[in-house]
S.K.: 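Quick one: this structure, given as structure tokens, is what I'll be asking you about.
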Amino acid sequence: MKDQMYMLAIDQGTTSSRAILFDRQGEIRGIAQKEFRQLYPKPGWVEHDAEEIWEVTRWVVDHLFESTGVRRDQVAGIGITNQRETTVVWDKDTGSPVYHAIVWQSRQTADICEDLKRRGLEKTIRDKTGLVVDAYFSGTKVKWILDHVEGAREKAERGELLFGTIDTWLLWKLTGGKVHATDFSNASRTLLFNIHTLDWDDELLEMLDVPRAMLPEVRPSSEVYGYTDEAAFGGARVPVAGMAGDQQAALFGQACFTPGMAKNTYGTGCFLLMHTGDRAVRSNHGLLTTVAWGIEGRVEYALEGSIFVAGAAIQWLRDGLEILQTARESEDRARRLKSNEGVYLVPAFVGLGAPYWDMEARGAIFGLTRGTTRDHLARAALESLAYQTRDVVAAMEQDAGIRLQQLNVDGGASLNDFLMQFQSDILNVTVKRPVVSETTALGAAYLAGLAVGYWNDRETIQENWAVAAEYRPQMAEEEREALYRGWRDAVSRTLSRREVKV
Ligand SMILES: Nc1ncnc2c1ncn2[C@@H]1O[C@H](COP(=O)(O)OP(=O)(O)O)[C@@H](O)[C@H]1O
Ligand SMILES: O=P(O)(O)OC[C@H](O)CO
């Protein structure tokens, strides 16, 4: 309808930006997407150009309105969701970043982490932040930028530089430099934020030499942060009303609102989050405790297993080895084989995340013979997503003390039917993919829509959730366990410490 109102979600992911319009039923009414450059200045380093991220994001928003014919004044509100932890430091006056955005996957701060460990700070950090000491999180990346960019530390101390994760950077840009804020979910990934007191933590700031003056204000995930600047948003003034890290937004979009409900997103990495209600459950098995969102005057928590390389392994086969034309082709290739024939790929390209947390491990392929073909590599890469997920689910079941009943899935690689059936088989759990697989963007739209009254409550959101595909376990127990043993053996030979320590 000509004057119908919509919610706009901006989903700024690791490899692409998307802009999506949703209607009141939570259905997609238009989508635009564009990839941007990945910069690999040294082995194990991953960077983005923050200005390019903004330009690409603007482009997808413009393109969305052009392609749908929807007007900007038909947007009731904007929700932002983002690749988390990726760190931008910019000049408050000029708005220019002082260094590339250091991406969550980047390992360039491994030495800073080792130093924190040597100083015996792991427990304090774990207790306050729910995180582990790893180059993944923003805190060491901010320190790295302040240590390596000439004059940056002095400027930061004088309050002339600002830090933000990508949500904060986009909010700043969209509001024409007026609002410098983040939400609880993104703040909880920085290593600087106390998830119990819900404030930046002076002891952590001191540990990492990060001046408080450069930090954004931390706010709930569902509220009006400010309005778009007309020059930044095609002449329209629209409320930016929701923000959340992409994995938390996906948990919201999957309507996982009760403790024990879990989702796994198969994108560049794989992120499995289980809602734990108002309890910040501490992990003893290598998972993270994280804020799910702040809403309705309180925060809710989640347990998370973060897998660094998932769909990126398929991308590597496509772009690095050039043995696939498209990511989708991996499915046909995998199906040409009856089994993996003993070939395992451990995609530790940037170390291993949960539950191993090994910054020094690097990728490996095992079981090669003269008969190995690109089909084996495609299958091994796809299977690695499922095995890594099982590693995380095993840890989660121990930490939460419950058996997973069902796994809701989303993300680019969740459209791969071979992978989803294999996932169900390896976990021995039913896997469900919703009709709207863009749950990350949907979650951001919901958070923003609740703040501006586009949707009334979470019950409406639950009612909107509908299943598109369901995968039930079909594999015999013996085969499942034999395959998984093979994976565990491959991982143990990949770890820098040469032992599986879970
Ligand atoms: N059919 C497929 N089979 C396997 N992997 C896929 C498929 N389609 C996309 N992917 C992988 O999924 C990722 C893209 O998913 P997406 O959710 O857009 O990720 P992100 O938000 O991290 O950029 C890429 O790494 C790509 O290789
Ligand atoms: O961009 P994605 O979807 O791979 O998500 C990245 C995560 O937020 C990193 O923590």
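Counting starts at 1 for both ligands and their atoms, following the listed order.
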S.K.: Report yes or no: is the cationic atom of Arg84 (NZ for Lys, CZ for Arg) under 6.0 Å from the centre of the six-membered ring of Phe271, at an angle within 45° of the ring normal?
M.R.: yes

S.K.: Distance under 4.0 Å to a non-hydrogen atom of Gly13: what atoms of ligand 2 satisfy this?
M.R.: 1 (O)

S.K.: Looking at atom 5 (N) of ligand 1, what's its closest protein heavy atom, distance included?
M.R.: Ala413 CB, 3.4 Å

S.K.: Is there a side-chain contact between Val291 and Asn186 (heavy atoms, below 4.5 Å)?
M.R.: no

S.K.: Quiz question: by atom type and distance under 3.5 Å, do the side chains of Asp399 and His285 form a donor-acceptor pair?
M.R.: yes

S.K.: Describe, in one word, how the ring planes of Trp172 and Trp90 are oriented to each other, choosing from parallel (under 30°), tilted (30 to 60°) and perpendicular (over 60°).
M.R.: tilted

S.K.: Who's the nearest protein heavy-atom neighbour of atom 18 (O) of ligand 1, and how far?
M.R.: Arg18 NH2, 2.6 Å

S.K.: Which bit of Ala327 is near ligand 1, meaning a heavy atom under 4.0 Å away: side chain, backbone, both or neither?
M.R.: both

S.K.: Establish, yes or no, whether a centroid distance under 6.0 Å links the rings of Phe36 and His48.
M.R.: yes

S.K.: Does any N or O of ligand 2 fall below 3.5 Å from an N or O anywhere on Arg84, backbone included?
M.R.: yes

S.K.: When you measure from atom 13 (C) of ligand 1 to every protein heavy atom, which one gives the shortest distance, and what is it?
M.R.: Gly267 C, 3.9 Å

S.K.: Are any side-chain N or O atoms of Arg18 and backbone N or O atoms of Asp11, one a donor and one an acceptor, separated by less than 3.5 Å?
M.R.: no

S.K.: Measuring centre to centre across the rings, with the benzene-like ring taken for any Trp, is Phe308 within less than 6.0 Å of Phe349?
M.R.: no

S.K.: Taking the six-membered ring for Trp and the single ring otherwise, decide whether the centroids of Trp144 and Trp45 are under 6.0 Å apart.
M.R.: yes

S.K.: Under 4.0 Å from any heavy atom of Glu85, which atoms of ligand 2 are there?
M.R.: 9 (C), 10 (O)

S.K.: Please report whether ligand 1 has a polar contact with Gly311, defined as an N or O pair separated by less than 3.5 Å (distance criterion only).
M.R.: yes

S.K.: Provide, to 0.1 Å, the distance between atom 8 (O) of ligand 2 and the closest protein heavy atom, together with that atom's residue and name.
M.R.: Asp246 OD1, 2.5 Å

S.K.: Going by atom types alone, do Asp410 and Gln254 pair a side-chain donor with an acceptor below 3.5 Å?
M.R.: yes

S.K.: Of all the atoms in ligand 2, which lie at a distance below 4.0 Å from a heavy atom belonging to Tyr136?
M.R.: 9 (C), 10 (O)

S.K.: Among side-chain atoms of Gln108 and Glu47, is any donor-acceptor pair under 3.5 angstrom?
M.R.: yes

S.K.: Identify the closest protein heavy atom to atom 20 (P) of ligand 1: which residue and atom is it, and at what distance?
M.R.: Thr268 OG1, 3.5 Å

S.K.: Are any of the N/O atoms on Asn416, whether in the backbone or the side chain, positioned under 3.5 angstrom from an N/O atom of ligand 1?
M.R.: yes

S.K.: Which residue holds the protein heavy atom closest to atom 1 (N) of ligand 1, what is that atom called, and what is the gap in Å?
M.R.: Arg328 CA, 3.5 Å

S.K.: Hey, which atoms in ligand 2 end up nearer than 4.0 Å to a heavy atom of Gly269?
M.R.: 4 (O)

S.K.: Of all the atoms in ligand 1, which lie at a distance below 4.0 Å from a heavy atom belonging to Ser330?
M.R.: 3 (N), 4 (C)

S.K.: I'd like to check which ligand 2 atoms, numbered from 1 as shown, lie under 4.0 Å from a non-hydrogen atom of Gln83.
M.R.: 1 (O), 8 (O)

S.K.: At less than 4.0 angstrom from any non-hydrogen atom of Gly411, what atoms of ligand 1 do you find?
M.R.: 17 (O)

S.K.: Given that the side chain starts at C-beta and the backbone is N, CA, C, O, which of these parts of Glu35 lies under 4.0 Å from ligand 1, counting heavy atoms, or is it both or neither?
M.R.: neither

S.K.: So which bit of Ala310 gets within less than 4.0 Å of ligand 1, heavy atoms only: side chain, backbone, both or neither?
M.R.: neither

S.K.: Is the distance from the ring center of Trp293 to that of Phe184 below 6.0 Å?
M.R.: no

S.K.: Considering the heavy atoms of Phe271, write down every atom of ligand 2 situated less than 4.0 Å from one of them.
M.R.: 5 (O), 6 (C), 7 (C), 9 (C), 10 (O)

S.K.: Starting from atom 23 (O) of ligand 1, find the nearest protein heavy-atom neighbour and note its residue, name and distance.
M.R.: Thr15 OG1, 2.6 Å

S.K.: Is the contact between Arg189 and ligand 2 made by the side chain, the backbone, both, or neither, using heavy atoms and a 4.0 Å cut-off?
M.R.: neither

S.K.: Of all the non-hydrogen atoms in the protein, which one sits nearest to atom 17 (O) of ligand 1, and at what distance?
M.R.: Gly412 N, 2.9 Å

S.K.: With no hydrogens and no angle check, just 3.5 Å: does a side-chain donor-acceptor pair link Tyr471 and Asp417?
M.R.: yes

S.K.: Do you see a donor-acceptor pair shorter than 3.5 Å between the side chains of Lys263 and Thr265?
M.R.: yes

S.K.: Non-hydrogen atoms of Glu331 versus ligand 1: any pair closer than 4.0 Å?
M.R.: no

S.K.: Can you find a side-chain donor-acceptor pair between Asp391 and Trp487 that sits under 3.5 Å?
M.R.: yes

S.K.: Is it the case that the side chains of Gln12 and Ser17 hold a donor-acceptor pair, with the cut-off being a distance below 3.5 Å and no angle test?
M.R.: yes

S.K.: Would you say Asn82 has any N or O atom under 3.5 Å from an N or O of ligand 2, going by distance alone?
M.R.: no

S.K.: At a 4.0 Å threshold, what atoms of ligand 2 neighbour a non-hydrogen atom of Thr14?
M.R.: 1 (O), 2 (P), 4 (O), 5 (O), 6 (C)

